[in-house]
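Everything below concerns the one structure shown next.
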Amino acid sequence: MNLLIILSAISSALLALGHEHHDQIPLDYVKFPQPIYRGWNGEVTADAVFSGITTFAKLPWVQCLTKEHDVPFDIAFLGAPFDTGTSYRPGARFGPAGIRAGSRRLTLYGGYNVPLEVNPFQSGLRIVDCGDIPVTPYDNKYAIKQIEDGHKALLQQQAYSPLGNDSLTGQKLAPISLDGKIHPRIITLGGDHTIVLPILRSINSVYGTISVIHFDSHLDTWKPSVFGGAPSDQAAVNHGTYFYWASQEGLIKNGSSIASISTTLSGPEDYENDDASGFTRIEAREIDTLGTDGIIKKIRKTVGNNPVYLSIDIDSIDPAFAPATGTPETGGWSTRELRTILRGLDGLHIVSADIVEVAPAYDTNAELTTMAAADVLFEVLSVMAKTPLGKVVA
C-alpha cells in the first residue's frame, strides 16, 4: 500500500511538471484588444478606468525589450525613467508612470479626436505600450547607452502595417528611411531632457540627419562650459547641453529645426550658440502677436517636407497649467494653445517623439501636469495616425 502511495505521488508530480509552461497563453487571451470598454449590454462603461495595469491610454502591454521582442507594431509608447541630468528639481524618473496614470481616460469613450477628425486607436495601426527601458540611476554614461540601445531595439524593427497609397493622389508610397524599410514610431515618456541625445543617435541610425521641432522654455543648446561648468566629461552631458552635443555629432539638420522658448539667458551669446546648433527660434511671447496660426506657419516653413523628430518639454506649458516639472518658467503657453499648435503639424512626417521633464511629485492633487502631458501626446498620436511615413514614388 505504501509503495502504491509513493508511486502515485511521484506520478502526480511528474504530471504537474510536464504541464508547467510559464509562457503558455490562455485560450481567451487577446494580445491586441480593442481599447473601448463596454458592458454586457454593449454600452460604454467607466469601470475599466480602474481595472488592469496602467498602460498609456489602456493600450496593450507588450514586453518589447524582452520575451516579446519579435512582436511587430506601428507605434509604441516607451518610458525612459532617467533624471540624473537635471539641474534644478529631480523627479522626472517617475514621469513615465505619472503620464500613464494621467492617460487613463483617453480611450474611455473611444478616443475620437474631434478637431483632427481621427480616432488613432481605431486607425488600423497596431499601437502598444512597451513599458520602460531599464535605466540605472547610478551611472549617467551607462544609462544614456541603455536608452540608446533600448530605443534602437524598437526603432530598427520593421513596422506591422504596410504604407499603402497616398490619400490625395492614390499613388504608391515609399519609405523615407535610409534602408528603404518601414519602421515603427516611438513615443518616449521621459525622463529629463538629456534622454533626447541617445534618442537622436537612435533616430540617426534609421533616418540620418533629422529636422527637430523643440517645444521648451529653454534653449538646451548651451555649451557645457556655460551650463554645468563641465567638471567632467559626463557632467558636460545634461538636460541643458544635449542639443549642443547632438549638433556637434551631426544629428540635427542645420537650418531646418525650430524651438520655442520663454526663459532668461546667460547673455545674447546664447542665441549665437543656438544659431550655430541649427535652430530657428520662436519666443513664447510671440503668440500674443502671431497667434497659434502664425506659430504653426513659422514651424511648417522652417521644417518644410523633411522628416521631423518632435521633442516636447512639459515646461513649455505655463506652470499655471503644468506645475510639475524640474525647471518651471512662467510666461509659457496654455495647454490649449500647445494642443492647437500640435494639431497644426498635421501632415508632417513625424518619425518619433517624446515628452519630457514631467516630475509628478510637484503636481497638484488633481494631477494637472500628468493629464496635460497625456493629452498633448494624444494630439501627437493623432497626427502620426493620419500621416504615414512615406513619400510618393515618382
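All values below were derived from every heavy atom in this structure, side-chain atoms included, with hydrogens, water molecules and symmetry-related copies excluded.
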Checklist entry - Looking at Y160, does the NZ or CZ of R126 lie under 6.0 angstrom from its six-membered ring centre and within 45 degrees of the ring axis? => result yes

Item to check | Y362 six-ring centre to R89 NZ/CZ under 6.0 Å and within 45° of normal | outcome: yes

Do [X] and [Y] share a hydrophobic cluster, counting only Ile, Leu, Val, Met, Phe, Trp and Tyr and linking them when any side-chain heavy atoms are less than 4.5 Å apart?
X	Y	result
I299	I261	no
I147	F94	no
L189	L368	no

Does some side-chain heavy atom of [Y] sit less than 4.5 Å from a side-chain heavy atom of [X]?
X	Y	answer
L78	L65	yes
L310	F215	yes
T364	P323	yes
S205	K152	yes
T188	V196	no
V351	V308	no
W245	S247	no
D354	I187	no

Please check if the side chain of [X] supplies one atom and the backbone of [Y] the other of a donor-acceptor pair under 3.5 Å.
X	Y	result
T241	Y244	no
D318	G331	yes
T55	L59	yes
H349	G390	yes
N238	T86	no
D74	P184	no
D313	H218	no
R185	I350	yes
Q122	N119	no
N113	L116	yes

Nearest-0.5 Å distance that lies between atom [atom1] in [X] and atom [atom2] in [Y]:
X	Y	atom1	atom2	value
L197	E249	CG	CD	5.5 Å
I203	T209	CD1	OG1	12.5 Å
T136	Y142	OG1	OH	8.0 Å
D293	I341	CG	CD1	9.5 Å
L154	C130	CG	SG	4.5 Å
H151	S202	NE2	OG	5.0 Å

Strictly by modelled atom types, are [X] and [Y] linked by a side-chain donor-acceptor pair under 3.5 Å?
X	Y	answer
S277	T221	no
H239	D220	no
D270	W222	yes
T325	D315	no
S262	S217	yes

Check this for me, if you would: do [X] and [Y] make a salt bridge, where the nitrogen-to-carboxylate-oxygen distance has to be below 4.0 angstrom?
X	Y	answer
K298	E286	yes
D149	K145	yes
D132	R100	yes
D275	R281	yes

Any idea which heavy atoms bring [X] and [Y] closest together, and the distance?
X	Y	result
V358	A373	CG2-CB, 3.9 Å
K391	P175	CE-O, 3.8 Å
G85	D192	N-OD2, 2.9 Å

Checklist entry - Is it true that atom CZ of R343 has more than 12 heavy atoms of other residues, nucleotides or ligands lying nearer than 6.0 Å? => result yes

Any idea how [X] and [Y] line up, ring-wise: parallel (<30°), tilted (30 to 60°), or perpendicular (>60°)?
X	Y	value
F378	F121	parallel
H183	Y207	perpendicular
H214	H193	perpendicular

Item to check | R104 vs E367, salt bridge (Lys or Arg N to Asp or Glu O under 4.0 Å): CA-CA, chis, key distance, verdict | outcome: CA-CA 12 Å; R104 281 184 294 236; E367 300 178 316; 3.6 Å; yes

Checklist entry - What's the verdict on salt bridge (Lys or Arg N to Asp or Glu O under 4.0 Å) for K386 and D346, showing C-alpha distance, side-chain angles and the deciding distance? => result CA-CA 7 Å; K386 291 188 67 176; D346 183 20; 3.0 Å; yes

